[in-house]
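Working notes for the structure below.
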Amino acid sequence: RERLPGVALSTDMIAGFCGESEREHLESLALLREVAFEQAFLYAYSERRGTPAAKLLRDDVEPQDKARRLRELQDAFHAHALERN
């Protein structure tokens, strides 16, 4: 933002992707807070048949953990959005 005044940053994040640890989730939260993206597309992982992830990885994050992690990402994003506006 120092080099490109007025730039708007966006991200896509998937909460609870196969094998995601709590530590990795906390790193994602920290990144979301640090960068303060102007836009974020945040989703909980859900297996989609025929994709490489569905074929090669085990969906091992509990549904309630995915939902909580998604809420935490959304809350962090919205907190920064409120600060900016």
Side-chain angles (χ1 to χ4, degrees):
R1 289 186 177 119
E2 287 177 18
R3 290 180 178 218
L4 294 172
V7 70
L9 301 174
S10 176
T11 189
D12 295 63
M13 290 186 165
I14 298 173
F17 187 77
C18 305
E20 180 188 57
S21 68
E22 191 63 28
R23 181 171 161 252
E24 290 168 323
H25 167 66
L26 293 175
E27 290 173 356
S28 295
L29 265 176
L31 177 68
L32 195 64
R33 290 179 176 129
E34 181 181 339
V35 175
F37 295 96
E38 279 73 27
Q39 193 167 33
F41 299 92
L42 308 169
Y43 306 94
Y45 174 75
S46 60
E47 189 174 288
R48 193 177 317 161
R49 247 182 4 181
T51 63
K55 292 177 185 176
L56 303 172
L57 303 173
R58 198 172 118 249
D59 185 4
D60 59 353
V61 179
E62 295 296 323
Q64 65 270 17
D65 290 329
K66 290 178 191 180
R68 174 186 54 80
R69 292 174 184 182
L70 176 59
R71 270 192 319 276
E72 290 174 355
L73 291 171
Q74 290 169 332
D75 289 347
F77 173 74
H78 291 298
H80 281 286
L82 288 173
E83 288 174 11
R84 283 191 307 274
N85 294 320

Query raised in the report: Could you state the interatomic distance from CZ (Phe37) to CG (Leu9), rounded to the nearest 0.5 Å?
Result: 6.5 Å

Query - Between CE on residue Met13 and CG on residue Leu70, distance to nearest 0.5 Å - result: 11.5 Å

Report task. Answer with yes or no whether the hydrophobic clustering places Phe41 together with Leu73; edges join I, L, V, M, F, W, Y residues whose side-chain heavy atoms lie under 4.5 Å apart. Result -> no

Query raised in the report: Is the side chain of Asp60 donor-acceptor paired with the backbone N or O of Gly19 at a distance under 3.5 Å, no angle test?
Result: yes

**Report entry** Approximate separation, where rounding is to 0.5 Å, of Arg69 CZ and Leu26 CG
**Finding:** 8.5 Å

Requested in this report: Give every residue pair that meets the ring pair (Phe, Tyr, Trp, His ring centres under 6.0 Å) criterion with at least one member in residues 6-34, sequence neighbours excluded.
Outcome: Phe17-Tyr45

Report task. Treat each ILVMFWY residue as a node, draw an edge where side-chain heavy atoms are under 4.5 Å apart, and state whether Ile14 and Leu42 are in one component. Result -> no

Report task. Can you establish whether the number of heavy atoms outside Glu34 located under 6.0 Å from its atom CD is more than 12? Result -> no

Report summary line: Shortest non-hydrogen pair, Ala76 vs Leu32, comes out as CB-CD2, 4.0 Å

**Report entry** Any residue meeting salt bridge (charged side-chain N to carboxylate O under 4.0 Å, His left out) with Glu38, in chain and number order, not counting sequence neighbours
**Finding:** Arg1

Query - Rounded distance (nearest 0.5 Å) linking atom NE2 of His80 with atom NE2 of His78 - result: 12.5 Å

Requested in this report: Calculate, to the nearest 0.5 Å, the distance between atoms CG and CG belonging to Leu29 and Asp75 respectively.
Outcome: 9.0 Å

Query raised in the report: Could you give the distance from CG (Asp12) to CD (Gln39), rounded to the nearest 0.5 Å?
Result: 9.0 Å

Pairs under 3.5 angstrom only: tabulate donor-acceptor contacts from the side chains of residues 46-55 to other protein residues two or more places apart or in another chain.
unit_1, atom_1, unit_2, atom_2, d
Thr51, OG1, Arg48, O, 2.8
Thr51, OG1, Ala54, N, 3.3

Query - Salt bridge present between Glu62 and Arg68 (N-O < 4.0 angstrom) - result: no

**Report entry** Nearest atoms (heavy-atom pairs only) where Gly16 meets Lys66
**Finding:** O-CE, 3.7 Å

Query raised in the report: Do Leu56 and Val61 belong together in a cluster built from hydrophobic side chains that touch within less than 4.5 Å?
Result: no

